[in-house]
Amino acid sequence: MKHRTFFWFFLPTALAMLLFIFLPIISVVTQSLFVSHEQVFVEVENCDIFGCKNEMMIDAAATEKLRAEQPLGRFVGLANYFNRSHLATSEIATLWQTAESWGTFYDGLFNLPLYRAIIFTLVFTFVTTPSVIIVGFMIAVAVNALNQHLKGLVIFFSLLPFVVTPLVGSLILFWMIDARGIIGNSLQYLMGDPNLSLKASTGLTWITLIVYGVWHAAPFAFVIFYAGLQTLPQDTLESAMIDGASRWQRIRFVVIPHLMPLVTFVALIQLMDNFRVFEPIVGFNASAHATSLSFLIYNDMDGEARLLNSAATTSVLTIIGVAILLSPVLVRTWRDWNRKV
Amino acid sequence: MSSPSIIENKSVALRIFSAGFVVVWLLIAAFPFIWTLWGSFKVELDFFSKENWTNAITGIRTIKETGAAYTMNGYEGAWVQEEFWKSVVNTTIVCFFVVCTSLTIGTLGGYALSRTNFRYGFWLLITALIFRAMPPITLVSGYLLPFFEWGLWGSLSTTIVVLVAINQPFTLWMLHSFFQKIPKELDESAKVDGCTQFQAFRHVIIPVMWPGVITTGLFSFLLAYNDFAVTAMLLAKENQTMVPKIAGFLGTTQTEGNVMFAVAAVVSATIPLFILVMFFQRQIVSGLTAGAVKG
């Protein structure tokens, strides 16, 4: 295809991505360097029977005017990044000096909103992703052994948790694990503890969210692996059997290597999707025990205050996180490409 | 399709175990939906029963309160009282336009990417992958201030354009992999016969691309339908689509004891997806594997 033709074919989608993905990134970076204007004070003389005093008063009109004229606010450089709601460098430094053990250091860290969110996001990402791959693989192997007629039906029901709206899916599970819901109630009965609540403790909330994550994404891994199983090299499998390989050895040395590229693919997609974990925290109303980076941004923008600069700062840090997460993949693709050329 | 010889030598224990595993998975996957669908026709004290969870099945309180074992109160409250129908209309509008626009500009771009051998084609795909990896909410924080300033905030059309753009990276990747399966000789020969590149695309490639376009359209639809981050932040209250509306229910109705409105709304929002999977299972599966099989 000629450069010219390519240009015209690609122009609409390029424009869409330029205007609504690339420019917003610039906008986010810019906003993260500003804070909204402080309120304008005026000195007024206030006289009463005891005499006159000068008092500082908020000038609402002037504040309003200043904010309307310069909606971006006041330039502060990188100050947003280092304040308590973000990287909290000074708090960390004090904590480092005063903390007696790793435990107290961790506790202190956990009280800082950004670090709390980073810890949960990373735990969620790196526990859910491998679990999804393992569960998906097991379902794929089990379904593959089923009768041909049953497969369609099983795939139909398996797809449901995957296509359902994440917020809706988490609400459905949330209502079931409620102390008055079927699962919550049964758990209380099984554990013999009538006050057991999955929402009350941080640990249990995290487990609930991770279980939701696996429930939601396992069908995706299952479908991919199932498709991979349909293209298994039958000759290799048969010769492995003739050579006396056991069932487990065949899975270990033939099936898994064959599926390895698919595992990489699922892992890549899952890392990206789990890193942005957000809806389940809203659905499970879990923000008291678990917040993620995406949730922090949402929380800043939501509500009356609309802390746009704070949200922008967290966004930039999140984008940097995504870049770090993706860097091994990018480096690998870059090398592959160079080898090809 | 494993060959018969492999199935035969499977031990009975292993077969039972594997069938049992599938049954357990089916329960985990499907039961929550069935349970919520069933419970949506009960009153709150049955679906969230302090005394006994079997009340949700028998519906003791429902009979006491309404005189019948099933009640439409939740649906009535959500659809009529809380005007959920408006959100349904908004969701329909948003999804329709997002799917149409995404596919139009996505097929053009994806086709171009699959037919170029220059280095920039590769870099554009990598850029799209990076864009795909970014959480949509980070972009939303970039939109808010400019949209407020320019008076674009709150309308359905703004949200549609934003959703189209956010979906583009994914759409491009998927269509690109579908287009690559169509032999280049097809458009080459059309061009030899005197077609321009666009005519070749329009009259030769698109007719054989329908399955790929439909599959991509399904995923575009799902992305728009399921979105929460963008629709929750960019739509004014009167323009809300279903998902932010449901989230809104949680704040206001939980206190009033009208959780059943939210339950009914959740079921209403799930039914279209259920139908979608029923009719398009094959396309969804092929779409999921399209990106993967290529490696």
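Chain A is the first sequence line, chain B the second, and so forth, proteins listed ahead of strands; every chain is numbered from 1.
Pairing each heavy atom of A:Ser158 with each of B:Ala29, the nearest pair is CA-CB, 4.4 Å. Between B:Ala165 and A:Met17 the shortest heavy-atom distance is O-CG, 4.4 Å. The heavy-atom pair separating B:Phe21 from A:Ala142 by the smallest distance is CD2-CB, 3.8 Å. Between A:Val322 and B:Met134, the shortest heavy-atom distance links the atoms CG1-N, 4.5 Å. The two atoms that bring B:Val266 and A:Ile172 nearest to each other are CG1-CG1, 3.7 Å, heavy atoms only. Between B:Ile130 and A:Leu326 the shortest heavy-atom distance is CA-CD1, 4.2 Å.
In terms of non-hydrogen atom pairs under 4.5 Å with chain A, the most contact-rich of B:Thr104, B:Thr101, B:Leu222, B:Leu144 is B:Leu144. Of the listed residues (B:Gly109, B:Pro146, B:Ala269), the greatest number of heavy-atom pairs within a distance under 4.5 Å of chain A belongs to B:Gly109. If you tally non-hydrogen atom pairs under 4.5 Å between each of A:Ala16, A:Pro161, A:Gly184, A:Gly169 and chain B, the highest count goes to A:Pro161. Contact tally against chain A (heavy-atom pairs below 4.5 Å) for B:Asn117, B:Thr270, B:Val285, B:Leu145: the top residue is B:Leu145. Put simply, of B:Ala128, B:Gly142, B:Ser141, the one with the most heavy-atom pairs under 4.5 Å next to chain A is B:Ser141. Ranked by heavy-atom pairs under 4.5 Å with chain A, the first of B:Ala56, B:Ser102, B:Pro136 is B:Pro136. Counting heavy-atom pairs under 4.5 Å between each of A:Leu11, A:Leu159, A:Thr314 and chain B puts A:Leu159 at the top.
Using bins of under 30°, 30° to 60° and over 60° for the plane-to-plane angle, the ring pair B:Phe33/A:Trp215 lands in the parallel bin. Classified by interplanar angle (parallel below 30°, tilted 30° to 60°, perpendicular above 60°), the ring pair A:Phe9/B:Phe198 is tilted. Using a 30° and 60° split on the angle between ring planes, A:Trp334 and B:Trp123 fall in the tilted class, from 30° to 60°. Relative orientation of the A:Phe156 and B:Phe274 rings is perpendicular, given thresholds of 30° and 60° on the angle between their planes.
There is no contact between B:Arg282 and chain A, counting heavy-atom distances below 4.5 Å. In this structure, no portion of B:Phe280 lies under 4.5 Å from any heavy atom of chain A. Within the 4.5 angstrom heavy-atom criterion, no atom of A:Asp300 approaches chain B. For a residue to count as touching a neighbouring chain, one of its non-hydrogen atoms must lie under 4.5 Å from one of that chain's; by this rule A:Met176 touches chain B with the side chain only. For A:Leu232, no part sits under 4.5 Å from any heavy atom of chain B, backbone or side chain. Heavy atoms of A:Leu173 lying under 4.5 Å from chain B belong exclusively to its side chain. Contacts between A:Thr318 and chain B at a heavy-atom distance below 4.5 Å involve the side chain alone, from C-beta outward. Heavy atoms closer than 4.5 Å to chain B are found in the side chain of A:Leu330, but not in its backbone. Both the backbone and the side chain of B:Leu113 come within contact range of chain A, with heavy atoms under 4.5 Å apart. The part of A:Leu308 that comes within reach of chain B is its side chain, from C-beta onward, which places non-hydrogen atoms under 4.5 angstrom from that chain. For chain B, the nearby parts of A:Ile155 are the backbone and the side chain; heavy atoms of each come within less than 4.5 Å.
Rounding to the nearest 0.5 Å places OH of A:Tyr226 at 14.0 Å from CG of B:Leu288.
With hydrogens and angles ignored, the 3.5 Å screen pairs a side-chain donor or acceptor of B:Asn226 with a backbone N or O of A:Val163. Under the 3.5 Å distance criterion, the side-chain polar atoms of A:Tyr298 are left unmatched by any main-chain donor or acceptor of B:Met233.
Crowding of B:Phe17 atom CZ: a count of heavy atoms from other residues, nucleotides or ligands under 6.0 Å not exceeding 12. Remark: A:Phe22 CZ is loosely packed, at most 12 non-hydrogen atoms of other residues, nucleotides or ligands lying under 6.0 Å away.
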* **Intermediate values then yes/no, side-chain contact (heavy atoms from CB on, under 4.5 Å), A:Ile183 and B:Phe31** => CA-CA 11 Å; A:Ile183 296 178; B:Phe31 178 70; 5.9 Å; no
* Asked: Which is it for B:Thr138 and A:Val28 under the side-chain contact (heavy atoms from CB on, under 4.5 Å) test, yes or no, and what are the steps along the way?
  -> CA-CA 8 Å; B:Thr138 56; A:Val28 164; 5.8 Å; no
